[in-house]
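Heads up, the thing below is written out as C-alpha cells.
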Amino acid sequence: MNSKIKKTKTYPSKVVANEDVADALTMLGQEFRRIRRYRDLALTDVGEVLGFSKSKLSLIENGNVGLQSAIDSYLRLAAYYGLEIHLVDSEGKNSLVLFGKEEEED
C-alpha cells in the first residue's frame with residue numbers, strides 16, 4: 001500500500017447486477033477488484049487482513065467460487081471496504097447495490 005494520505009468520500013450507490021445470482025456475484029467480485037485497485041491495495045494486502053490467500057481473493061474477484069463461499073466472502077469484503085450490499089427489487093428485477101464510503105486521495 002502506498003503512503004498517500006487518503007480521506008473518505010461518499011461511495012456512490014452502484015447497481016452491480018440485474019442478472020441471475022451467478023452473474024451478480026461475478027459482477028460484485030469485479031467491483032471489489034476495482035475498489036481494491038482504486039485504493040492501491042495488492043491482493044496480499046487485503047488477503048492478509050481477511051485471512052484469504054492471494055489465489056482465493058483472485059478467484060473471488062473473478063467470480064470463480066461456490067455460492068455459499070462467495071456470499072460469505074463478499075460480505076467480509078464489503079465490511080472491510082466499509083460498504084453494505086443491498087438486494088433491491090426494482091420493476092421485478094433483483095439488483096445488488098453497494099452503499100458506503102470510499103477513500104479519495106488529497
Side-chain angles (χ1 to χ4, degrees):
M1 189 167 139
N2 66 29
S3 60
K4 295 178 184 174
I5 298 173
K6 297 185 177 192
K7 64 182 182 181
T8 302
K9 69 176 182 177
T10 302
Y11 183 83
S13 62
K14 179 166 185 167
V15 175
V16 178
N18 284 323
E19 306 296 331
D20 65 42
V21 173
D23 289 342
L25 294 176
T26 297
M27 293 175 77
L28 186 58
Q30 292 168 351
E31 183 62 11
F32 283 132
R33 173 184 287 127
R34 188 199 66 75
I35 292 167
R36 178 180 56 77
R37 288 179 174 168
Y38 177 82
R39 294 186 182 188
D40 198 26
L41 296 168
L43 286 167
T44 52
D45 295 331
V46 177
E48 285 177 11
V49 172
L50 297 176
F52 297 157
S53 68
K54 181 179 172 181
S55 61
K56 178 178 179 173
L57 187 54
S58 179
L59 288 170
I60 292 166
E61 289 182 349
N62 286 303
N64 294 326
V65 291
L67 183 59
Q68 183 61 40
S69 176
I71 291 170
D72 177 63
S73 299
Y74 291 139
L75 290 173
R76 290 176 63 190
L77 279 165
Y80 175 75
Y81 291 127
L83 303 172
E84 296 177 1
I85 302 171
H86 294 263
L87 180 62
V88 178
D89 182 12
S90 175
E91 298 177 10
K93 290 185 177 180
N94 289 324
S95 300
L96 291 173
V97 181
L98 291 174
F99 292 97
K101 298 200 176 288
E102 188 168 359
E103 296 177 343
E104 106 183 335
E105 296 177 10
D106 277 336

Query raised in the report: Would E31 and R34 count as a side chain to side chain contact (heavy atoms under 4.5 Å, CB included) if you check the C-alpha gap in whole Å, the side-chain angles of each, and the deciding distance to 0.1 Å?
Result: CA-CA 5 Å; E31 183 62 11; R34 188 199 66 75; 3.0 Å; yes
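- Within the model, atoms CG of D45 and OH of Y80 stand 7.0 Å from one another, a figure rounded to the nearest 0.5 Å.
- With sequence neighbours excluded, the residues satisfying side chain to side chain donor-acceptor pair (under 3.5 Å) with R33 are E61, N62.
- To the nearest 0.5 Å, atom CG of residue L83 and atom CG of residue L75 are 11.5 Å apart.
- Here the CZ atom belonging to F32 is positioned 10.5 Å from the CG atom belonging to L57, to the nearest 0.5 angstrom.
- Under the side-chain contact (heavy atoms from CB on, under 4.5 Å) criterion, R76 pairs with L50, F52, D72, not counting sequence neighbours.
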Requested in this report: Evaluate the criterion side chain to side chain contact (heavy atoms under 4.5 Å, CB included) for residue pair R36 and L77; output intermediate values, then yes/no.
Outcome: CA-CA 10 Å; R36 178 180 56 77; L77 279 165; over 6 Å; no
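- Rounding to the nearest 0.5 angstrom, the gap separating the CG atom in N64 from the OG atom in S55 is 11.5 Å.
- R39 places a side-chain N or O within donor-acceptor distance of the main-chain N or O of Y81, the cut-off being under 3.5 Å.
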